[in-house]
Amino acid sequence: MNTLTANDAKRNFGELHLNAQREPIKISKNNEDVVVVMSIRDYEELEAMKVDYIKHCFENATRDLAQGNVVDGKDFLGTL
């Protein structure tokens, strides 16, 4: 993944815009990565994967609950 400084991204926004359509671009400020610019298609795919993962976790939790595979919260926290 390519990285640009915040100043370079500001100066070359048109180029940033075009390049972000092909691959995500990291933007750094004071030598620290702060944001990623990506195409809307990549963003929407990432959001869809997160939703699918949450659904998967919920389905597993529902199945565990129905099967009685539960852990007491106090016991669990006590083991930490």
Side-chain angles (χ1 to χ4, degrees):
M1 181 181 307
N2 289 328
T3 302
L4 293 174
T5 65
N7 285 333
D8 287 342
K10 188 179 356 177
R11 277 194 305 272
N12 302 306
F13 183 76
E15 185 178 337
L16 168 66
H17 179 264
L18 291 173
N19 289 336
Q21 299 303 310
R22 290 189 287 275
E23 67 176 337
I25 308 290
K26 282 192 281 188
I27 308 295
S28 65
K29 188 166 185 163
N30 300 323
N31 294 319
E32 186 176 331
D33 295 336
V34 291
V35 296
V36 173
V37 179
M38 66 177 68
S39 70
I40 191 68
R41 187 194 73 216
D42 288 347
Y43 173 77
E44 288 171 347
E45 288 176 2
L46 182 60
E47 288 300 302
M49 285 190 294
K50 289 180 354 184
V51 167
D52 288 344
Y53 178 70
I54 290 169
K55 285 179 182 177
H56 169 76
C57 291
F58 181 77
E59 289 165 358
N60 283 344
T62 302
R63 187 173 43 253
D64 283 345
L65 186 59
Q67 294 173 353
N69 296 333
V70 295
V71 175
D72 180 74
K74 286 184 180 181
D75 292 342
F76 174 77
L77 293 174
T79 63
L80 296 177

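Keep in mind that this is a model prediction, so the values were computed, not measured. Along the sequence shown, residues carry numbers from 1.
Closest non-hydrogen pair, Leu4 versus Ala9, comes out as CD1-CA, 4.3 Å. When all heavy atoms are compared, the tightest approach of Lys26 to Met1 is CG-SD, 3.1 Å. Closest heavy-atom contact between Ile27 and Ala6: CG2-CA, 3.7 Å.
When hydrophobic clusters are built by joining Ile, Leu, Val, Met, Phe, Trp and Tyr residues whose side-chain heavy atoms come closer than 4.5 Å, directly or via intermediates, Tyr43 is not grouped with Val37. Linking ILVMFWY side-chain heavy atoms closer than 4.5 Å, directly or via other members, places Leu16 and Val34 in a single hydrophobic cluster. At a threshold of 4.5 Å between side-chain heavy atoms, the hydrophobic network of Ile, Leu, Val, Met, Phe, Trp and Tyr places Val35 and Phe13 in one connected group. Both Val71 and Leu77 are part of a single hydrophobic cluster, where members link through side-chain heavy atoms under 4.5 Å apart.
There is a side-chain donor-acceptor pair under 3.5 Å between Gln67 and Asn69. Inspection of the His56 and Asp52 side chains reveals no N or O donor paired with an N or O acceptor under 3.5 Å.
For the atom pair Asn12 CG and Asn19 CG, the distance stands at 9.5 Å (nearest 0.5 Å). Here the straight-line distance linking atom OG1 of Thr3 with atom CG of Asp8 works out to 11.0 Å at 0.5 Å rounding. Separating the NZ atom in Lys29 from the CG atom in Asn7 is a distance of 7.5 Å, to the nearest 0.5 Å. With values rounded to the nearest 0.5 angstrom, Ile40 atom CD1 is found 9.5 Å from Gln21 atom CD. One finds the CZ atom of Arg22 at 12.5 Å from the CG atom of Asp42 (value rounded to the nearest 0.5 Å).
Between Lys50 and Glu47 there is a salt bridge, since at least one side-chain N of the basic residue sits less than 4.0 Å from a carboxylate O of the acidic one.
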- prompt: Given the rule in the side chain to side chain contact (heavy atoms under 4.5 Å, CB included) test, do Val70 and Leu65 qualify, once you have shown the distances and angles that lead to the verdict?
  reply: CA-CA 6 Å; Val70 295; Leu65 186 59; 3.6 Å; yes

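A donor-acceptor pair is defined here as one N or O able to donate and one able to accept, closer than 3.5 Å; such a pair exists between the side chain of Asp72 and the backbone of Lys74.
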